[in-house]
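To keep things clear, I will list the structure first and then write my remarks on it.
Residue numbers start from 1 in every chain, and the chains themselves are labelled A, B, ... in the order their sequence lines are given, proteins ahead of strands. Keep in mind that what you see is a predicted model, and the values were worked out from it rather than measured.
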Amino acid sequence: MHETDMTKALIMTVREWLAEQPGHPQVERVHLTVGEFTCVEPVSLQFAFTAQTQGTFLDGAELVIAEPPLIAFCHHCEAEYRPDIGLQYACPSCQSPMDDIRSGRELKIGRVEFHREDVISVLT
Amino acid sequence: MHQTFDAALEMNLLHANQHGANSNREQLDKWGITCLNLMSSPGSGKTQLLEKTLQLLQSEFRMAVIEGDMTTQLDADRLRQHGVPVIAINTGRACHLDSKMVAGGLHQFSHEQQPENFDLVFVENVGNLVCPAEFEVGEHAKVALLSITEGEDKPLKYPIMFREADCLLITKTLLAPNLDVEVENICYNVRQLNSTVVIIPVSSKTDEGLTEWFAWIRQTVLARANEQSLTMASLT
């Protein structure tokens, strides 16, 4: 259940970032990128996020998780391909090993959407 | 109505763990210690391989072990019989060691021993083929173990572990004749994911492959020491 620890780390990162912002920003959405080729389960992250943010400054904030697929690049064929996770990772055309991963290993906090009580926008 | 703002953080989700791992590695470098992180599923033979390694390399290296186990001290007790310091870390319900736990272990180690006198620290991770692969602890190299009884398809099913490994020990090769498993097929599956990993079939019972395993350890210790002296030279 390392998703629980990761969620803790996520909450701390957002808290540290918020502390440096002027005014009292209220976080609406946190955007994560969790690649397909990682040991992290997005469903567990969502669950942990909801459970751990209850009653905190992030209560009610939405966690949005983008899941980029595993895409490898074969240097021999000079082409990208989608490995078949669990079955085949080598290049389907020339069988070269999966050396270069172009996407799928991402584990990052992308951006935060927030509003500030002191800034009122005017509808035109 | 309120206006929504957007701020880019672009921060690694594991940055806290990574930061801790880097400072553990710096500390180990200061002591002149090479650290190897041993990872595998439960029952693949990590502890027995370590026992053999401690036994046969004790005249060559001064070694210590940081032992991650979910609840017991059984493995730590087995290893202590070989006269090396063993720091036991009970991870509770956590399924892997993280850099913070290992930092605690290193802290304890430095209080009980003179770390400058040591050459090698083995971290025996919690038996699990998934999570440990994603959490660096400050090691200089990752060693994965896969026993042949686990089957040829495990590298395909648990790819991150085998992708991350610098060295793969295929253990319990003594049992090969009794199983429908070909070491060659395991190697082929691992190679799909990792073209540079050093693969060594071993048996802690017959000592098959131990010479190669020890040669890999020596080479890794030497490479770390060389890298460190290069870094020192570039600083002066």
> So which of B:Ser195, B:Ala133, B:Pro159, B:Ala7 has the largest heavy-atom pair count under 4.5 angstrom toward chain A?
Replying inline: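 Greatest number of close heavy-atom pairs with chain A: B:Ala7.
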>> Within the structure provided, determine whether B:Glu134 and A:His2 are in side-chain contact (heavy-atom separation under 4.5 Å).
In response: no
>> Just so I know, are the side chains of B:Leu13 and A:Lys108 near enough to count as touching, which here means a heavy-atom distance under 4.5 Å?
In response: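 Heavy-atom side-chain distance check fails, nothing below 4.5 Å.
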> Tell me, side chain or backbone of A:Leu87 under 4.5 Å from chain B's heavy atoms, or both, or neither?
Replying inline: backbone
> Side chain, backbone, both or neither: which part of A:Arg29 has an atom under 4.5 Å from a heavy atom of chain B?
Replying inline: neither
> If every non-hydrogen atom of A:Leu107 is compared with every non-hydrogen atom of B:Asn12, which pair is closest and at what distance?
Replying inline: O-OD1, 3.2 Å
>> For B:Arg163 versus A:Asp99, what's the shortest heavy-atom pair and its separation?
In response: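 So the minimum-distance heavy-atom pair works out to NH2-O, 2.8 Å.
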Kindly compute the distance separating [atom1] ([X]) from [atom2] ([Y]), expressed to the nearest 0.5 Å.
{"X": "A:Glu113", "Y": "B:Phe5", "atom1": "CD", "atom2": "CZ", "result": "12.0 Å"}
{"X": "B:Thr4", "Y": "A:Gln26", "atom1": "OG1", "atom2": "CD", "result": "11.0 Å"}
{"X": "B:Ile160", "Y": "A:Ile85", "atom1": "CD1", "atom2": "CD1", "result": "7.5 Å"}
{"X": "A:Leu32", "Y": "B:Met11", "atom1": "CG", "atom2": "CE", "result": "12.5 Å"}

Atom [atom1] of [X]: over 12 foreign heavy atoms under 6.0 Å:
{"X": "B:Glu10", "atom1": "CD", "answer": "yes"}
{"X": "B:Gln73", "atom1": "CD", "answer": "yes"}
{"X": "A:Glu80", "atom1": "CD", "answer": "yes"}
{"X": "B:Asn178", "atom1": "CG", "answer": "yes"}
{"X": "B:His19", "atom1": "NE2", "answer": "no"}

> chain B contacts: which residues in residues 89-98 of chain A have a non-hydrogen atom closer than 4.5 Å to it?
Replying inline: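 Counting heavy atoms that sit under 4.5 Å from chain B, the residues of residues 89-98 of chain A involved are A:Tyr89, A:Ala90, A:Gln95, A:Pro97, A:Met98.
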If you look only at distance, which donor and acceptor atoms sit under 3.5 Å apart when one is on a side chain in residues 11-21 of chain A and the other is two or more places apart or in another chain?
residue	atom	partner	partner atom	Å
A:Thr13	OG1	A:Ala9	O	2.7
A:Gln21	NE2	A:Trp17	O	3.0

> Which residues in residues 182-190 of chain B have a heavy atom less than 4.5 Å from any heavy atom of chain A?
Replying inline: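 Listed by number, the contacting residues are B:Tyr188.
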> Does any heavy atom of chain A fall under 4.5 Å from the side chain of B:Phe135, the backbone, both, or neither of them?
Replying inline: side chain
>> Just to verify, what does A:Glu106 make a salt bridge (charged side-chain N to carboxylate O under 4.0 Å, His left out) with, not counting sequence neighbours?
In response: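 So A:Glu106 forms no salt bridge (charged side-chain N to carboxylate O under 4.0 Å, His left out) with any residue.
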